[in-house]
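First up is the structure itself, then whatever we jot down about it.
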There are 2 protein chains.
Amino acid sequence: MEDDIYSLHAETCKVFSNPVRIRLLELMRDGKWHPVGEMQKTGGYGQANLSQHLSVMRGRGAIYSKKEGRQVFYRISDMRIIRAFDLIRAVISSGAKARGRLLEKGGY
Amino acid sequence: MEDDIYSLHAETCKVFSNPVRIRLLELMRDGKWHPVGEMQKTGGYGQANLSQHLSVMRGRGAIYSKKEGRQVFYRISDMRIIRAFDLIRAVISSGAKARGRLLEKGGY
DNA sequence: TAATTATATAAACATATTCGAATATAATGA
DNA sequence: TCATTATATTCGAATATGTTTATATAATTA
């Protein structure tokens with residue numbers, strides 16, 4: 001974990017390299033605060049696992065947290081993360097389409 | 001490595017979660033074909049290591065390859081990857097600035 | 001055909017990630 | 001104070017990743 005810009009960039013992307021974390025960020029895509037309990041129900045994840053993933057994202061600055069009573073709420077720290085997500089999704093789906101066309105033509 | 005959209009998205013981001021691969025994609029940011037040898041010199045990586053990283057990226061569809069004589073050339077498959085990179089960089093740098101302001105004020 | 005060049009693949013090892021189980025803590029209510 | 005609720009932390013096992021060394025292959029040149 002060096003501190004050059006490539007490592008920083010890679011460390012940030014590491015946050016996005018797990019399906020649970022992607023899903024959680026999608027649940028938070030509206031930019032609003034979400035309590036842990038809600039995400040646990042919706043996502044169907046184990047409590048410890050969920051808490052660990054939230055902690056990773058918080059540590060990397062991808063989400064913010066606030067405490068209210070005994071609940072903890074999280075929200076996305078920067079909506080450009082969602083914009084980047086949508087670009088990556090577009091890349092994935094047009095890649096899939098391209099592979100589909102190849103398949104039709106007998107390529108692979 | 002399941003095939004739902006969250007896993008696909010995560011697997012794609014995994015490609016971007018390593019500083020060597022980020023650097024290589026930056027070297028290819030112009031969208032042109034680059035021979036392996038050039039990237040090896042510029043990046044200063046070991047031959048096998050470089051080859052493996054290129055292979056990972058190619059396997060995930062992030063880059064394309066073509067062979068000419070004994071050289072192999074690679075290029076980015078979709079420039080939206082670079083657009084996503086730039087968004088992430090912006091997130092990183094404004095996060096850094098925000099932490100800087102906090103630091104000034106005695107927070108952390 | 002033998003040597004050289006450019007790149008890929010395999011094997012071995014160290015390190016990192018992920019998950020579940022158990023336990024801890026903090027806020028609230030009885 | 002004791003119990004309950006909501007969340008966090010710790011630990012260990014399984015799996016994944018990254019690097020290096022050695023070897024393989026394909027194209028070219030002598």
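What you see is a predicted model; the values in this text were computed from it and never measured.
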(message) Any salt bridge linking D78(B) with R83(B)? Criterion: basic side-chain nitrogen under 4.0 Å from a carboxylate oxygen.
(response) no
(request) Would you kindly compare S51(B) and E68(A) by the position of their nearest DNA chain C nucleotide and give the one closer to the 5′ end? (result) S51(B)
(message) For a quick check of understanding: with a heavy-atom distance under 4.0 Å over all strands, which category does G46(B) fall into, base, sugar-phosphate or nothing?
(response) nothing
(message) On a heavy-atom basis, which atom in K32(B) and which in R75(B) lie closest, and how many Å separate them?
(response) O-CB, 3.4 Å
(request) Considering just the side-chain nitrogens and oxygens of R21(B), establish if one lies under 4.0 Å of OP1 or OP2 belonging to dG18(D). (result) yes
(message) In whole Å, I'd like the distance from the CD1 atom of I63(B) to the C1' atom of dT7(C).
(response) 13 Å
(request) Take L50(A) and R70(A), find for each the nucleotide of DNA chain D with the closest heavy atom, and name the residue whose nucleotide sits nearer the 5' end. (result) R70(A)
(request) In plain terms, say whether D86(A) and R80(A) are close enough for a salt bridge, that is, a side-chain N and a carboxylate O under 4.0 Å apart. (result) no
(request) Using a 4.0 Å heavy-atom cut-off across all strands, classify F73(A) as base, sugar-phosphate, or nothing. (result) nothing
(request) Tell me what Q40(A) touches on the nucleic acid: a base, only sugar-phosphate, or nothing, going by heavy atoms under 4.0 Å. (result) nothing
(request) Inspect the contact between K14(B) and E11(B) and indicate whether a charged nitrogen and a carboxylate oxygen are less than 4.0 angstrom apart. (result) yes
(message) Starting the side chain at C-beta, find the nucleotide from dC19(C), dT17(D), dA6(D) nearest to N18(A).
(response) dC19(C)
(message) Rounded to whole Å, please give me the gap between CD in Q71(A) and C1' in dT4(D).
(response) 14 Å
(message) Check this for me: does any side-chain nitrogen of one of R21(B) and E26(B) sit under 4.0 Å from a carboxylate oxygen of the other?
(response) no
(request) For R58(B) and dT7(C), give me the distance from atom CZ to atom P, rounded to whole Å. (result) 14 Å
(request) Measure from CG on N49(A) to P on dT7(D) and round the result to the nearest Å. (result) 15 Å
(message) In whole Å, I'd like the distance from the NZ atom of K67(B) to the C1' atom of dT28(D).
(response) 12 Å
(message) Between C1' on dT4(D) and CD on Q47(A), what's the gap in Å once rounded to a whole number?
(response) 14 Å
(message) Using whole Å, what does the distance between atom P of nucleotide dT17(C) and atom CZ of F16(A) come to?
(response) 15 Å
(request) Ignoring the backbone of A48(A), work out which of dT17(C), dT9(C), dA21(C) is nearest its side chain. (result) dA21(C)
(message) Under 4.0 Å, counting only non-hydrogen atoms across every strand here, what does Y45(B) touch: a base, just sugar-phosphate, or nothing?
(response) nothing
(request) Whole angstrom is fine here: how far is it from NZ in K14(A) over to P in dT17(D)? (result) 11 Å
(message) For dA8(D), does the base pair up with any side-chain atom of Q52(A) as donor and acceptor (N or O, under 3.5 Å, distance only)?
(response) no
(message) Let's see if you can work this out: which of dT19(D), dT7(C), dT7(D) has an atom nearest to the side-chain heavy atoms of H53(B)?
(response) dT19(D)
